[in-house]
Structures are given as structure tokens and as C-alpha cells.
Amino acid sequence: IPYDRAGAECGDPLNRPMVYPPLSYWTMSWVRLFDSLRTAYFVWAEAIVSMTALSVWLVSRFESPKPSRWMWVVGLLLVGQMPMVYAIERGNIDSLVVLSFTLGSVLLAKRKAFTAGLVYSIACWMKVYPAIPSAMILVAVWFGGEERKRSFRGLLGGLVVGAIGGLVLLYPDSYHYLVEVLPKFSAEKGGFGLSSHTLFRGWPSLFFKIPILVVWTAFLARLVRVDFVFGLSLALAISTFFQNLSNDYNLITAYPFLFLLAHRLLRRGMGWGDFGLLVLTFQALVGDRTLVEVLFPNRGALLAQIAWFLVF
């Protein structure tokens, strides 16, 4: 059971406990194949970049026209931004979550709803935040006109089977996590700062977070009728803003969405409105925070993100 050991026993100098769902522990079991942590680190660093790039490529296959070569050069610039660098420095599993969720979205776009629900569930058993876009997509499909007939029952069935299957297969870790670890972790104060993001914290934040979720889910219900994969990537992009504590390495969840948005807006004859929206989006999700933090200390990034949520 990964939750009954202190971090120091596992080599963590900060003695942090295991706070993630049980599947996240087993996804990293491959490091036992290496005698050197340094070697495993470099292997995983390459995997983080590769899995994120694969996720971007998967959603790009649904674009018409296809992204040009120079657009891929623009996409390559995302590798050097803070979320990716931070993810590599931490060596976490968010890139694997992004790939899993993107695979689920591709399956849903291909009308394989039950399998998509299963894959979404796997992502949720690795980290908690995929539950947010999974719920958004389920509601959006219900209100998405023809999508309800095509996908709702299969998607719901896959999510339920995946949730129960994970509970059984990962037992007793799953029970221990849901009953003891998750409630305690959810109560963490958290907050926002130079390397973290959340739309405020604590229960008063629900007065802001819930309206945002409702409005964006309604927006998503319209998108799935006409722009399916773009809508699913958008749901993943905002998924990490609703917990009390969310470090910026989680923002690689926005990379597929950012690539699609840049592909659509960066074109000859683009207007100032499109350009301004693109700049605001990149600033909110992956941009340098120095200037906004000088203007509004410990609030600048948050205000930019709120502005983007309201404008977009």
C-alpha cells in the first residue's frame, strides 16, 4: 500500500506523503528496471515531451486544413515554456494523463463511446482533475443534440465500469485513497502564486468556480455539435483550475488546445481581435508572469487567468 510509508522512507528529502490516486504509483513501477535514478530521470524526461507531442499530433489529425510545417515549428516553442520545463523538472505523470485523456477524446470522436469512457476513467485513477472534463463532456453530450443518441449511454457506461473496475482492481489502495487520503488532501489550503494556479481557494471559491463550470459546460455543449475534438481539448485545458492546489506543471494539459487555437488564429489577414485573444490565451496558460506579478503582486497571474475565462 503506497500510502502507509512516509516520503523519507522512499527517498524524498522533503518527506512528502503519497497524495495521488493509486494508479499513479503503479504507472511509475518501471523505474525499478534501472539501477540509476539519473538514467530513469532522463528516460522519463524524454517520455514527457514525447507523450505531450503525441497528444498534440492526435488532435491535429482532425483539423482541416492540416497544420503546415511552420505551424509545427510554432508548436515546438511550447516545449520551452514553463509548464513543460516544470513537468520535466518534477518528473510527474501529467503527460501520461494528457495522452490517456486525448486517446479517450479521439475514441469518442470516432463514436467508440464506451471505450472512451473507460479510458477517461483510467486517467481519473491516475490523477483527480480529469474528473472535471469527464463530467463536463458527459453533460455536454447529453445536451449536444444528436450526440446524446450517439454517445451518451456508451460514455456513461464506460465511465461507470471504469470507475468500479478501478476500485476493485486497485483495492485496498483505492478504498484507502478515497476514504482517507483524498479528503485530507482536498482540505489543503493551497492557493495561487508564481508557480501555481487555481481560481481562488476554499469553499467561498465555489461561488466563482461553479458559475464558470456551468457557463463553460454550456459552451462545450454547443461546441460538440460542430467542433468536437476542439471542444474536448478545451475541456481538458481548463481542468486543473478548480482544485485548491494546482502547480503549473499541470498546465501541459492545455497544450493540445493551444496548438489547435494557434493553428486556427495564426493566419494571413488575422484581425486584431483574434491576435489579442491568442496573446491573452497564451499569457493565461503558459505565459511569463513577471510583468503581471510586478503590477499585481501574487495576483497578476490569477487576474490574467480570470480575464481569459470571462473573455474566451
Return yes if some donor-acceptor pair links the side-chain N/O of [X] with the main-chain N/O of [Y] below 3.5 Å, else return no.
{"X": "Thr198", "Y": "Leu245", "result": "no"}
{"X": "Asn247", "Y": "Ser196", "result": "no"}
{"X": "Ser246", "Y": "Thr240", "result": "yes"}

Trace of the side-chain contact (heavy atoms from CB on, under 4.5 Å) decision for Leu265 with Phe275
CA-CA 7 Å; Leu265 296 185; Phe275 180 73; over 6 Å; no
Considering only residues two or more places apart or on different chains, which pairs with a residue in residues 3-13 satisfy side-chain hydrogen bond (donor to acceptor under 3.5 Å, both in side chains)?
Asp12-Arg16
Return each pair, listed once, that meets side-chain hydrogen bond (donor to acceptor under 3.5 Å, both in side chains) where at least one residue sits in residues 46-60; pairs must be two or more places apart or across chains.
none
Which pairs of donor and acceptor atoms, one on a side chain in residues 304-312, lie under 3.5 Å apart (sequence neighbours left out)?
unit_1 : atom_1 : unit_2 : atom_2 : d
Gln305 : NE2    : Ala284 : O      : 3.3
Trp308 : NE1    : Thr281 : OG1    : 2.9

Ignoring hydrogens and angles, state whether a donor on the side chain of Ser105 or Tyr120 is under 3.5 Å from an acceptor on the partner side chain.
yes
Heavy-atom count around Phe208 CZ within 6.0 Å, excluding the residue itself: above 12?
yes
Sequence neighbours excluded, the answer for ring pair (Phe, Tyr, Trp, His ring centres under 6.0 Å) partners of Phe152 is Trp142
For residues 74-101, dump all side-chain donor-acceptor pairs below 3.5 Å to protein atoms at least two apart in sequence or in another chain.
unit_1 : atom_1 : unit_2 : atom_2 : d
Gln81  : NE2    : Leu77  : O      : 2.8
Tyr86  : OH     : Arg90  : NH2    : 3.4
Asn92  : OD1    : Asp94  : N      : 3.4
Asn92  : ND2    : Asp94  : OD2    : 3.2
Asp94  : OD1    : Lys127 : NZ     : 3.4
Asp94  : OD1    : Tyr129 : OH     : 2.5
Asp94  : OD2    : Lys127 : NZ     : 3.1
Ser100 : OG     : Leu96  : O      : 2.9

Can you say whether the rings of Tyr171 and Tyr175 are parallel (under 30°), tilted (30 to 60°) or perpendicular (over 60°)?
tilted
What residues form a salt bridge (charged side-chain N to carboxylate O under 4.0 Å, His left out) with Arg111, not counting sequence neighbours?
Glu147
